[in-house]
**Q** 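Below you will find the structure I want to go over with you.
Below, chains carry the letters A, B, ... as their sequence lines are ordered, and counting in each starts from 1.
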2 protein chains.
Amino acid sequence: MGIAERREREKERRRNEIIDAAEKVFFAKGLANATMDDVAEEAELSKGTLYLYFKNKEELYLAINRRGLEILEKMFIDAAAQAQSGLEKVYAIGQSYFRFQNQYSDYFNAMIYYESHQIDFSEDNSCAMACDQQGEKTLRVLVEAIESGIKDGTIRPDVEPMKTALVLWGQSTGIMQICSLKGVHIEEEHNINPDDIIDLSFDLIKRALQNSKDKK
Amino acid sequence: MGIAERREREKERRRNEIIDAAEKVFFAKGLANATMDDVAEEAELSKGTLYLYFKNKEELYLAINRRGLEILEKMFIDAAAQAQSGLEKVYAIGQSYFRFQNQYSDYFNAMIYYESHQIDFSEDNSCAMACDQQGEKTLRVLVEAIESGIKDGTIRPDVEPMKTALVLWGQSTGIMQICSLKGVHIEEEHNINPDDIIDLSFDLIKRALQNSKDKK
DNA sequence: TTAATATACTGACTTTCAGTCATTTATTAT
DNA sequence: ATAATAAATGACTGAAAGTCAGTATATTAA
């Protein structure tokens, strides 16, 4: 009897429909200004039903963030595949992160939320845990790029891949967070193009990682 | 008649008392879990009075952040004064930022809030504007350290001080944000000490900035 | 076919809290 | 003393997250 299975599928579909609706509403109004009633209306469901599928507003928002992290992972994989050397892979991943921030700015905002709040990664916050896992997967692409760079000699052999990946992730996120939120302000105040800041950031990282003993 | 002046002084004192109370409450409970009624009680004032002194809850929190940025500026100045070369000054400023994050973690959390939210820097958000100005002052210490490094030859002459300062600020904030919020989690999951991540981050920055043509 | 059971959904209700404002209290000027 | 001004109050309002007793729909058993 496939009834239980069908029910499971329908439940999953409904769950995704709710996330779709939540994206529309949260992306249009911003998390703080959007209400669960707004989402319920967009999803053509009652508010109570939302809470059957998601523990609370934050969990729903984290479900959106998970989708963003999945997109980002794919972009990282593509970027790494395109590049030749390990160092170039790392650089290409950085560039793809930058593209993500531009093309999927709403998902990027969800990521800023995720990265700048104390999230409780416990059993009953399934979306938080899913974000954590997807984040690990996404980061692993960068770790592997660094490892390949050490192997092919383009990256200094004395860096620890995991630690370094965490540093690059944190640094890049920090830079793009500033440019995303305060970019206009920086432009007005200092006549500096935020994109230049991001370029410079990646340039500094490249210099810091490259193996000076690499034979060209 | 010094009555108006005395009134002004008393107003300023009361304002500071409110910020003191807000620090106690917000630092103990966190911004989201603290209420304006809590602050009012701690300040031994009615809630209405708080709104005579601060436009809203966010502005009050930003008043706290301004204090944090003032402390940070002093720490930057001290750090830079202690170091010899420009490059060392930059490194020392980074270290002092790290110390700030440890010693004043509550102020640092206020900074995370400030850096990760879309703040409206308009006329009638005086605390937001004050944060912006104080932020500029604090950043200027770093800009000057970079300039002195270019002058004394320890930092590559081809970096633009303001742009570079913004990059270092964003990168360092990003790293410390992660370590502050997800540090325990990183430690558990990867057996990596968050402090090592921060060390590595500063090491990479140093390598990226140093002038290879510097005669020792 | 119908009754019993299980599952999915609803929306009115509760609670909490930011922000307001008519009123009161305190201070200064006449 | 009294009027005028400034400072402070706290009950009230509106908004929104989250709950839950009740309704509707689908499935199974008799």
**Q** For B:K55 and C:dC21, what is the distance between atoms NZ and P respectively, to the nearest whole Å?
**A**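 Nearest whole value for this atom pair: 15 Å.
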**Q** Does any donor-acceptor pair link the side chain of B:K47 with the base of C:dG19 at a separation under 3.5 Å?
**A**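 Present.
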**Q** Just wondering, are more than 12 heavy atoms of other shown residues or ligands nearer than 6.0 Å to NZ in B:K11?
**A** no
**Q** Compare the minimum distances between each of C:dG19, C:dG11, C:dT28 and the side chain of A:S46, then state the nucleotide with the smallest one.
**A** C:dG11
**Q** Under a 4.0 Å threshold between the charged nitrogen and the carboxylate oxygen, would B:R207 count as salt-bridged to B:D203?
**A**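 Salt bridge: yes.
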**Q** Quick one: label B:A34 by what it contacts on the DNA or RNA (base, sugar-phosphate, nothing), any heavy atom closer than 4.0 Å.
**A**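 Since only primed, P, OP1 and OP2 atoms lie under 4.0 Å of B:A34, the category is sugar-phosphate.
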**Q** Nearest to the A:K11 side chain among D:dT19, C:dG19, C:dA8, which nucleotide is it?
**A**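 Among the listed nucleotides, the one closest to the side chain of A:K11 is C:dA8.
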**Q** Which part of the nucleic acid does B:L52 contact within heavy-atom distance under 4.0 Å: base, sugar-phosphate only, or nothing?
**A** base
**Q** Within the 4.0 Å heavy-atom criterion, would you say A:F54 contacts the bases, only the backbone, or no part of the nucleic acid?
**A** nothing
**Q** Between P on C:dA18 and CD on B:E58, what's the gap in Å once rounded to a whole number?
**A** 13 Å
**Q** The side chain of A:N56 is closest to which nucleotide in this list: D:dA7, D:dG18, D:dA8?
**A**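 Selected nucleotide: D:dG18.
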**Q** Contact class for B:T49 vs. all strands (heavy atom < 4.0 Å): base, sugar-phosphate, or nothing?
**A**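 Since a base atom lies under 4.0 Å of B:T49, the category is base.
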**Q** In whole angstrom, give the distance that lies between atom OH of A:Y61 and atom C1' of D:dA17.
**A** 17 Å
**Q** Expressed as a whole number of angstroms, how long is the span from B:L45:CG to C:dG19:P?
**A**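 Roughly 17 Å, once rounded to whole Å.
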**Q** Expressed in angstrom and rounded to an integer, what is the separation of A:L60 atom CG from D:dA17 atom P?
**A** 11 Å
**Q** What is the separation between atom NZ on A:K57 and atom P on D:dA16, rounded to the nearest whole Å?
**A** 9 Å
**Q** Whether B:E17 and B:R13 form a salt bridge (side-chain N of Lys/Arg under 4.0 Å from carboxylate O of Asp/Glu) is what I want to check.
**A**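 Counted as a salt bridge, because a side-chain N and a carboxylate O are separated by less than 4.0 Å.
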**Q** Counting side-chain heavy atoms from C-beta on, which of D:dG18, D:dT27, D:dA6 comes nearest to B:R7?
**A**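 Comparing D:dG18, D:dT27, D:dA6 against the side chain of B:R7, the answer is D:dA6.
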**Q** Write down the distance between CG (A:D124) and P (D:dG18), rounded to a whole number of angstrom.
**A**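 For the pair A:D124 CG and D:dG18 P, the rounded distance is 14 Å.
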**Q** Whole angstroms only, please: what is the CZ-P distance between B:R9 and D:dA7?
**A**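 Nearest whole value for this atom pair: 14 Å.
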**Q** Please tell me if A:Y53 has a side-chain N or O lying less than 4.0 Å from either OP1 or OP2 of C:dA8.
**A** no
**Q** Can you tell me if A:R13 touches the phosphate of C:dA8, counting only side-chain N or O atoms and a distance under 4.0 Å to OP1 or OP2?
**A**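 It does not, given that no N or O in the side chain of A:R13 lies less than 4.0 Å from OP1 or OP2 of C:dA8.
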**Q** Could you check whether B:R66 pairs with B:E70 (Lys NZ or Arg NE/NH1/NH2 to Asp/Glu carboxylate O, under 4.0 Å)?
**A** yes
**Q** So that I can tick it off, tell me whether B:E12 and B:R9 are bridged by a salt bridge, with the cut-off set at under 4.0 angstrom between side-chain N and carboxylate O.
**A**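 Salt bridge between B:R9 and B:E12, a charged N being under 4.0 Å from a carboxylate O: no.
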